[in-house]
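The chains referred to below are lettered A, B, ... by the order of the sequence lines, with proteins before strands, and numbering in each begins at 1.
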Amino acid sequence: MSDPAPDNRPTDTSPKPGGIAARAMARGAGYLDTLNPEQRLAVEETEGPVLVLAGAGTGKTRVLTTRIAHLLASGRARPWQILAVTFTNKAAREMKNRVGDLIGGVVEGMQWLGTFHSIGARMLRRHAELAGLNPDFTILDTDDQIRLLKQIIQAANIDEKRWPARQLAGLIDHWKNRGLGPDDIAEADGRAFADGRGRALYTAYQERLKVLNAVDFGDLVLTPLTILRTHKDVLADYHQRFRYMLVDEYQDTNVAQYLWLRLLAQGNRNVCCVGDDDQSIYGWRGAEVDNILRFEKDFPGARVIRLERNYRSTAHILGAASHLITHNEGRLGKTLFTEISDPDDDRVTVASSWDSEEEARAVGEDIEELQRGGHSLNEIAILVRASFQMRAFEDRFVTLGLNYRVIGGPRFYERQEIRDALAYFRTTVQPADDLAFERIVNTPRRGIGDASVKLLHDRARAESIPLMQAAADLLQTDEINKRARISLTNLMTSFARWRQQVDALPHTELAEIILEESGYVEMWQADRSADAPGRLENLKELIRSMDEFDSMTGFLEHVSLVMDADGGGDGDAVNIMTLHSAKGLEFDTVFLPGWEEGLFPSQRTLDENGRAGLEEERRLAYVGLTRARRRAIVRFAANRRMHGLWQSSVPSRFLDELPESHVTVREEESNYGGYGSAAYGASRFDTSDPFASPYATPGWQRAKRNRGSEPRGRSRHEGPLSSGPKLIEGDLVAKSVIGGSSDFTAGERVFHQKFGYGAIALIDGNKLTIDFEKAGRKRVLDSFVERP
DNA sequence: TAATAGAAAATTTTT
DNA sequence: TTTTCTATTA
């Protein structure tokens, strides 16, 4: 959370409860009057466990915020007696603001309103000693985590190539998400990495973290959980403290978060969870839909309230989304409805393109058309499955001169220059922060290369001391070469100097001094590359943003928890983002490109998680559709370029699952081969019982049938109408030969559907480099070319 | 030790 | 296609 203030603040400075109540009463508790009966029930049912199943667009946030306002205004709780958890900082911020609006003023003292991670961090700082940490521990981000694990793997003499740190990080995260410490890992599970050494590495990692006085993201939930489990007095204290608990997006909780909540809720059982099982899209990072599905079992006597009245979308959009999601098993079941029904409402549009570039072109045209009709660009969103899809749209919009903004793109705090600068600050404030120190010892280059760093490491490890300490010790000897010695001495004195100034100077000033004196700014000034000026600008922005905090420590705390991207562009612009980051947002018009098998649903998810993965992808589709207020345009392309080579694709099975009655298929002249309703006809829509078999639809059946080895090239002889099926085969055949070698020979003349005729220049397995007569040199998979 | 060239790998989603 | 890592050379 963005609140760096120490823990004891609220009790003395926040307004008396009477004050809040009085303020709210003065506005005449009217906040209840605007709610519908279900919402009102969800707000007023304050005692005991409550599960609010809030479908998309049913006023979920409104219920949560009104509930908090109600608890405060009715005098049931003071601000600091309410625990309110969200997943994102954005949601926390919004909640705080909206409660403030309801109460009529800024809410003070709601220190337990925040993300799981920020609240976990707060708890952990209060009881750090119980976990063997200092209260000023640092929070490592993923990057630090992986660098640390890399060191541990290397120290254990394990081939880092064969057992990448990234994979171990994933494994450890997975364990932590399930609430498992190193000692809880079953013998068998521990074998999952490096021939059975997974558990040992996990243990080593945790020990190393303790030495560094650091925690990772997973620890922010797991360690507080462990503390609550093992210290009854602490738990009792929180039981007394939290009169009411609220949880947003309950469907996204993982096991550790769930256990933490359950433990806390055992106190007075006043827990209210709000969520939507149909919008659970974070299973891949440990979320357990099961948590929401079995709420009533966990909390006997729980009241379940369904919010099904949708205030956002047209009947067509709701109809399409609702029908799609019925193909999932294992849901609590809700049916969204709207009372607004206008015969002029557009149906959900399905359209297709030849390739991703044409897809972008078509969307661009649609947007310009809407714009001419007075549609605000801010109210338009393009929601993609994977971020690489964004590029085609960006390219197109740049040529069109169409304003756009990418939401959730590269994060400010993840940029190299920002991380470097932060490492300097961290080392200054926390001399024991080895990871930060290591990051900048030789940035900018100062002659302290791998050899010298290794010396430091050996020394530090041998004596179990921080790198800084080891450096100081080593400088007393003559083990390091001259050049390194001189600059290391310099660096050490600089840090000592900066450290002295921490309390003397304003932190923004000190930050400037550090970046200046370390030569870091100079390094970028000397850099002639195109992005150097931008980086310098970012550094300035970083210092500007520090102004809002009252100390360096407070700022660093904020940074590690709030990885939010900055404000985003202003003015009127189209929004481009992934489906995941679109959750919780809404737009008048939503474009959903790339509905193709393999991309959406993602092949990887399908491979790794099977049916559960497919259902999660389907929920993602549901989330996408329900972002739209008025218009949803679903698209797929017949060809897509991935990793620099072309692949063709089958329309997504989700298209088959859209109900005919709410969808229109649009044919576009710009389609080269008439790949419109000819190949993708109304017959493919799902008019059957959704539970029968989602895969019984014609399109999917055909694709499945063709997976084998049907002769290729047939459709070329059948005229333009069936150019579609040919591509389907191309894709499926392509998959079956990946890794094999090609039966083409160099120099051979071949035909490609997109590029025409050409000669093979180079063969690399099944990847061909071909000099095309018209399109020039391209790399393609061999299954996409034919002998003429 | 640093710079460079060349090869290999990788591409989902994020607190 | 792009990025990231590695090995080589100055």
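- Looking at the side chain of A:Ser581, the nearest of the listed nucleotides B:dT14, C:dC5, B:dT15 is B:dT14.
- A sub-4.0 Å separation between OP1 or OP2 of B:dT1 and a side-chain N or O of A:Ser452 is present.
- Ion pairing between a basic and an acidic side chain is recognised when a charged N comes within 4.0 Å of a carboxylate O; A:Arg147 and A:Asp141 show no such pairing.
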- Message: Dot-bracket, 5' to 3', for DNA chain B please: Watson-Crick or G-U pairs under 3.5 Å, [ ] where pairs cross earlier ones, | where the partner sits on another strand, dots elsewhere.
- Response: ||||||||||.....
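- The side chain of A:Thr115 lies closest to B:dT15, out of C:dC5, B:dT14, B:dT15.
- Note: CG (A:Asp607) to P (B:dT11) measures 15 Å, nearest angstrom.
- Here A:Arg641 lies out of heavy-atom contact (under 4.0 Å) with every strand.
- Salt-bridge annotation for A:Glu249 and A:Lys583: present, with a side-chain N of the basic residue lying under 4.0 Å from a carboxylate O of the acidic one.
- For the pair A:Ala386 and A:Asn442, both in contact range of DNA chain B, the more 5′-proximal nearest nucleotide belongs to A:Asn442.
- Distance A:Arg446 CZ to B:dT1 P: 14 Å, rounded to the nearest Å.
- A salt bridge is defined here as a Lys NZ or Arg NE, NH1 or NH2 lying under 4.0 Å from an Asp or Glu carboxylate O, and A:Arg361 with A:Glu357 fails to meet this definition.
- Across all strands, A:Asn254 comes closer than 4.0 Å to no nucleic acid atom at all (heavy-atom distances).
- Here A:Phe388 lies out of heavy-atom contact (under 4.0 Å) with every strand.
- Partner of A:Asp278 under the salt bridge (charged side-chain N to carboxylate O under 4.0 Å, His left out) criterion, out of A:Arg618, A:Arg331, A:Arg619: A:Arg331 alone.
- At the phosphate of B:dA3, OP1 or OP2 sits under 4.0 Å from a side-chain N or O atom of A:Arg445.
- When the nucleotides B:dT15, B:dT14, C:dT2 are ranked by their closest atom to the side chain of A:Thr578, B:dT14 comes out on top.
- Taking the ring axis of A:Phe137 as reference, the NZ or CZ atom of A:Arg125 stays within 45° of it and closer than 6.0 Å to the ring centre.
- Protein atom NE2 of A:His580 is 11 Å distant from nucleotide atom P of B:dT15, rounded to whole Å.
- Relative to the side chain of A:Arg483, the nucleotides B:dT15, B:dA2, C:dT2 differ in distance, and B:dA2 lies closest.
- A:Ala484 and A:Ser452 get closest at one heavy-atom pair: CB-OG, 3.4 Å.
- The side chain of A:Phe217 lies closest to B:dT15 when the candidates are B:dT14, B:dT15, C:dC5.
- Residue A:Lys150 places its side chain closer to C:dC5 than to any other of C:dT2, C:dC5, B:dT14.
- Distances shown here put every side-chain N or O of A:Asn89 at or beyond 4.0 Å from the OP1 or OP2 atom of B:dT15.
- Residue A:Ala451 is classed as a sugar-phosphate contact, given heavy-atom separations below 4.0 Å to backbone atoms only.
- Along DNA chain B, the nucleotide closest to A:Leu620 and the one closest to A:Asp450 are compared, and the more 5′ of them pairs with A:Asp450.
- Between A:Lys176 and A:Asp173 no salt bridge is recorded (no basic side-chain N to carboxylate O distance below 4.0 Å).
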